[in-house]
Amino acid sequence: MPAALLKRAWSVVQDRKTRKLSEDLRRLIIGLSNILEADAARSAAGRSADALKSAIGTGHAEVFDFAALSRVLSSSAAREGLPAGRRRRVEALLSVLKSQRFLPVPGESERHALHERCYAFTFGSCADALAAYRERLPKAMELAKSIAVAELEVAGEYREDKHDALFKDFGEGNLGEEELSHFPDYLVCLPAARLQAAETDRLMEMLSAGLPVKILVQTDDLLEESTIARDGHFALGMRAKQLASMAIGLNDVFVLQSASSNLFQFRDRIMKGMSYAGPA
């Protein structure tokens with residue numbers, strides 16, 4: 001039950017958190033596509049009789065002389081299209097925005113397939129979550145950079161002499177808190193029995209590094225053998241106390257301890273932890 005409840009709370013918060021980024025991706029994809037389509041419409045091929053007829057559609061096609069319209073447009077249209085450098089940049093941006101796997105984009109025709117190819121952000125171990133975060137970080141940086149450049153392109157404000165150098169070393173190997181805040185958080189749910197030394201090290205590494213992670217550690221043994229005396233004496237929730245103390249000692253980690261029977265009463269605190277900008 002605790003894992004199911006935390007996953008539901010996490011899902012609600014992530015949907016709310018990534019909604020703006022999803023809408024921004026959709027808007028930028030449309031804007032960049034319009035730039036290329038407008039350039040194609042100004043080209044010789046775009047002003048051909050067949051292309052004009054296709055653009056008008058069949059409803060009123062019989063009332064136009066498309067050959068004459070093509071001659072008029074060809075004689076009056078500007079000869080220059082998109083500079084080659086800008087075309088390559090816009091096409092590269094579109095490729096990144098359309099192929100990203102961090103979240104689905106609303107309005108996509110293949111929505112179900114898109115959900116299937118999106119990254120998973122729920123894990124059963126800290127080691128797996130940390131490996132996934134490290135593997136995806138370059139892609140996250142590429143997407144954040146592409147969004148920033150696309151905003152300028154769609155607004156017609158990108159200047160190669162100014163912005164090429166600015167975006168050359170974007171991120172410098174990492175993403176800032178602002179950029180990370182728009183990406184989904186990683187959720188790890190694991191029983192305390194699986195929290196051996198190596199796994200505990202990965203857990204503390206993620207917390208201390210301030211990674212966007214929410215971790216549930218479920219302890220089922222109320223009484224555990226003391227790790228100090230080792231003489232058959234038992235301590236009350238020893239492992240949970242040690243783990244919570246280590247996490248609290250990091251100062252910027254949201255920590256919540258509760259019996260599973262009290263999780264419903266703590267629902268507001270759970271949502272606050274899931275919404276926390278740092279690790280929890």
Side-chain angles (χ1 to χ4, degrees), residues 14 17-46 77-108 114 117-119 121 129-186 205-213 252 276-279:
Q14 299 315 302
K17 174 182 178 181
T18 59
R19 189 175 300 132
K20 182 181 183 302
L21 181 57
S22 294
E23 292 294 344
D24 285 345
L25 287 173
R26 177 177 178 272
R27 173 177 56 81
L28 292 173
I29 288 172
I30 292 174
L32 294 172
S33 299
N34 287 344
I35 292 173
L36 296 180
E37 289 171 6
D39 183 59
R42 290 194 299 267
S43 68
R79 299 290 184 232
E80 293 186 2
L82 279 180
R86 188 184 184 196
R87 169 174 284 280
R88 287 194 298 269
R89 185 167 56 251
V90 170
E91 290 174 342
L93 291 171
L94 267 175
S95 175
V96 172
L97 298 187
K98 287 183 175 181
S99 64
Q100 63 83 26
R101 299 174 58 192
F102 289 93
L103 66 166
V105 178
E108 289 282 349
L114 185 61
R117 71 174 179 83
C118 282
Y119 290 130
F121 285 88
L130 184 58
Y133 174 82
R134 288 171 170 167
E135 179 183 346
R136 300 169 188 176
L137 184 57
K139 288 291 185 182
M141 292 170 55
E142 180 185 41
L143 178 57
K145 174 182 176 179
S146 297
I147 290 171
V149 175
E151 290 283 7
L152 293 170
E153 279 290 359
V154 169
E157 298 175 355
Y158 192 92
R159 302 291 179 265
E160 292 184 356
D161 57 342
K162 172 184 176 182
H163 294 111
D164 281 357
L166 180 65
F167 287 103
K168 182 180 179 182
D169 299 318
F170 180 89
E172 296 184 353
N174 212 330
L175 286 175
E177 186 175 312
E178 173 63 23
E179 289 85 3
L180 281 175
S181 67
H182 301 300
F183 287 86
D185 291 330
Y186 291 73
E205 181 179 354
M206 297 173 77
L207 296 182
S208 60
L211 300 188
V213 61
D252 58 354
Y276 179 60

Would a distance-only check, ignoring hydrogens and angles, find a side-chain to backbone donor-acceptor pair under 3.5 Å from Arg117 to Gln100? yes

Could you name each residue pair satisfying salt bridge (Lys or Arg N to Asp or Glu O under 4.0 Å) that touches residues 141-159, not counting sequence neighbours? Arg27-Glu151, Arg86-Glu153, Arg89-Glu153, Lys139-Glu142

Between Arg87 and Glu91, does any side-chain N to carboxylate O distance fall below 4.0 Å? yes

Approximate separation, where rounding is to 0.5 Å, of Leu152 CG and Lys162 NZ: 8.5 Å

Please evaluate residues Leu82 and Leu36 with respect to the criterion side chain to side chain contact (heavy atoms under 4.5 Å, CB included), reporting the C-alpha separation (whole Å), side-chain torsions for both, the decisive distance (0.1 Å), and the verdict. CA-CA 8 Å; Leu82 279 180; Leu36 296 180; 4.1 Å; yes

How many angstroms lie between atom CZ of Arg26 and atom CD1 of Ile29, to the nearest 0.5 angstrom? 9.5 Å

Mutual orientation of the aromatic rings belonging to Phe102 and Phe121 [parallel < 30°, tilted 30-60°, perpendicular > 60°]: tilted

Which is it for Ile147 and Leu21 under the side chain to side chain contact (heavy atoms under 4.5 Å, CB included) test, yes or no, and what are the steps along the way? CA-CA 9 Å; Ile147 290 171; Leu21 181 57; 3.5 Å; yes

Taking all non-hydrogen atoms of both residues into account, name the closest pair between Val105 and Ser22 and its distance. CG1-O, 4.1 Å

From CZ (Phe167) to CD (Glu160), nearest 0.5 Å: 13.0 Å

Could you walk me through whether Leu211 and Tyr186 pass side chain to side chain contact (heavy atoms under 4.5 Å, CB included), step by step? CA-CA 9 Å; Leu211 300 188; Tyr186 291 73; over 6 Å; no

Applying side-chain contact (heavy atoms from CB on, under 4.5 Å), can you list everything that pairs with Ala150, at least two apart in sequence or on another chain? Leu28, Leu32, Leu93, Leu97

So that I can tick it off, tell me whether Lys20 and Asp24 are bridged by a salt bridge, with the cut-off set at under 4.0 angstrom between side-chain N and carboxylate O. yes

Heavy-atom closest pair (Cys118 atom, Pro104 atom, distance to 0.1 Å) is SG-N, 3.6 Å

Between Ser33 and Leu94, which heavy-atom pair has the shortest distance, and what is it? OG-CD2, 3.7 Å

Spacing of CG belonging to Asp164 relative to OH belonging to Tyr158, to within rounding of 0.5 Å: 3.5 Å

